[in-house]
Amino acid sequence: METEPRQYAIDVPPLVHQAKQLAEALGFDLRPEGNSPGSVPAGPSCCIDEVGSLLMTLASAVTSGVIAEIGTGAGVGTAWLASNLSPDARLVTVETEPQLAGAVNELFSSMKQVEVIQGDWQEDFVQHAPFDLLFADGGGIGSADESLWPVVADLVSPGGMVVIDDLTPEEYWPDSWRGNPDPKREFAFHSGFFTATEIRTRVDVSTLLMVKK
């Protein structure tokens with residue numbers, strides 16, 4: 001059965017198309033990871049369009065200051081964040097894997113507002129903080145224990161926002177997940193550092209928006 005085309009389809013910027021081509025060459029899937037209690041990662045994946053459109057909208061509101069990303073991957077999320085940067089805003093992204101960081105750095109080599117760092121976010125990233133918007137897409141943020149909660153929170157300015165994507169809504173959880181705490185939601189709703197909400201980016205995919213108190 002064919003579905004009708006979306007009347008209000010997501011407008012994907014040219015830079016994102018380039019990043020998707022790079023992702024394909026690097027073997028990255030375009031799918032949500034669906035991280036939740038008991039989930040087993042299915043390998044690296046890229047930012048889906050619904051999340052990317054949200055990121056671009058949020059980044060557009062940062063008229064000055066620094067936007068950041070933990071977990072550059074193949075640069076798709078980076079491309080969404082960079083596609084409508086304000087003239088006085090900067091974007092810094094960090095990736096542990098040298099090959100990925102090098103490939104994405106080449107993709108953004110003509111954009112002086114974008115800096116790609118190869119390294120660990122806890123060691124090579126903190127010097128660029130505090131951030132006005134942080135897309136926490138890697139570096140173990142989703143499974144971080146409570147000892148790292150204040151470390152991540154300190155990366156963000158008061159009133160700044162943290163975005164964590166690829167959550168599975170609770171009604172879609174298998175029975176084996178139920179009754180177990182979800183590290184991402186625990187961080188958002190129970191750490192005490194944020195005012196947070198969970199929104200749907202797809203019917204079966206959620207994203208956390210967290211504003212630093």
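Please read all numbers here as calculations on a predicted model, not as lab measurements.
At a threshold of 4.0 Å, the pair E170-R200 does not count as salt-bridged, since none of the basic side-chain nitrogens sits closer than that to a carboxylate oxygen. Between D49 and K20, at least one side-chain nitrogen of the basic residue sits less than 4.0 Å from a carboxylate oxygen of the acidic one, meeting the salt-bridge criterion.
The neighbour count for Q99 CD, taken as heavy atoms of other residues, nucleotides or ligands under 6.0 Å away, does not exceed 12. The 12-atom threshold is not exceeded at CD of Q7, counting heavy atoms of other residues, nucleotides or ligands nearer than 6.0 Å. Surrounding CD of E24 are at most 12 heavy atoms belonging to other residues, nucleotides or ligands under 6.0 Å away.
With hydrogens and angles ignored, the 3.5 Å screen pairs no side-chain donor or acceptor of K213 with any backbone N or O of T195. Side chain of E198 to main chain of P169: no donor-acceptor pair is present (N/O by atom type, distance under 3.5 Å, no hydrogens or angles). Under the 3.5 Å distance criterion, the side-chain polar atoms of D124 are matched with a main-chain donor or acceptor of D120. Side chain of Q113 to main chain of A89: a donor-acceptor pair is present (N/O by atom type, distance under 3.5 Å, no hydrogens or angles). At distances below 3.5 Å, at least one donor-acceptor pair connects side-chain atoms of E95 with backbone N or O atoms of T72. No donor-acceptor pair closer than 3.5 Å links the side chain of S86 to the backbone N or O of D88. Judged by distance alone, with hydrogens and angles left aside, the side-chain atoms of W173 form a donor-acceptor pair with the main-chain N or O of T168 at under 3.5 Å. Side-chain atoms of K212 do not come within 3.5 Å of backbone N or O of S157 as any donor-acceptor pair.
In this structure, CD1 on I10 lies 10.0 Å from CG on L54, to the nearest 0.5 angstrom. Between atom CZ of residue F135 and atom CG of residue L91 there is a gap of 11.5 Å, rounded to the nearest 0.5 Å. Annotation: the span from L134 atom CG to E69 atom CD amounts to 9.0 Å, rounded to 0.5 Å. How far NE2 of H17 is from OG of S83: 10.0 Å, rounded to the nearest 0.5 Å. For the atom pair H128 NE2 and F131 CZ, the distance stands at 7.0 Å (nearest 0.5 Å). Distance check, rounded to the nearest 0.5 Å: CZ of R90 to CG of D132 gives 10.0 Å.
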**Request:** I would like to know whether L15 and M111 meet side-chain contact (heavy atoms from CB on, under 4.5 Å); could you show each step before the answer?
**Result:** CA-CA 11 Å; L15 184 60; M111 297 188 68; 3.8 Å; yes
**Prompt:** Could you go step by step and tell me if T93 and I117 meet the side-chain contact (heavy atoms from CB on, under 4.5 Å) rule?
**Reply:** CA-CA 6 Å; T93 179; I117 299 172; over 6 Å; no
Verdict with reasoning, L22 to E106, per side-chain contact (heavy atoms from CB on, under 4.5 Å): CA-CA 11 Å; L22 177 62; E106 184 175 347; over 6 Å; no
Would V114 and L85 count as a side-chain contact (heavy atoms from CB on, under 4.5 Å) here? Give the steps. CA-CA 9 Å; V114 179; L85 275 181; 4.3 Å; yes
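A 4.5 Å side-chain heavy-atom check between E115 and F108 finds every atom pair outside the cut-off. For the pair V151/L155, no side-chain contact is recorded, criterion being any heavy-atom separation below 4.5 Å from C-beta on. Residues V163 and L208 have side chains not in contact (no heavy-atom distance under 4.5 Å, counting atoms from C-beta outward). Looking only at side-chain heavy atoms (C-beta outward), T201 and D165 stay at 4.5 Å or farther from each other. Using a 4.5 Å heavy-atom threshold, the side chains of E146 and W149 count as touching. Side-chain contact between K184 and L167: present, with at least one pair of heavy atoms (C-beta onward) separated by less than 4.5 Å.
N84 and S60 form a side-chain donor-acceptor contact under 3.5 Å, judged by distance and modelled atom types alone.
Heavy atoms only, all atoms of each residue included: V94 and G119 are closest at CG2-O, 3.4 Å. Closest heavy-atom contact between G75 and A19: O-CB, 3.5 Å. Across C47 and W80, no two heavy atoms sit closer than the pair SG-CD1, 4.2 Å. Taking all atoms of both residues into account, the shortest heavy-atom contact from L26 to A103 is CD1-CB, 4.3 Å.
Remark: aromatic rings of F194 and F189 are distant, center separation not under 6.0 Å.
In this structure, W177 is not a member of the same hydrophobic cluster as Y172, with clusters built from ILVMFWY side-chain heavy atoms closer than 4.5 Å. By the criterion of side-chain heavy atoms lying less than 4.5 angstrom apart, applied directly or through intervening Ile, Leu, Val, Met, Phe, Trp or Tyr residues, I199 is grouped together with I48 in one hydrophobic cluster.
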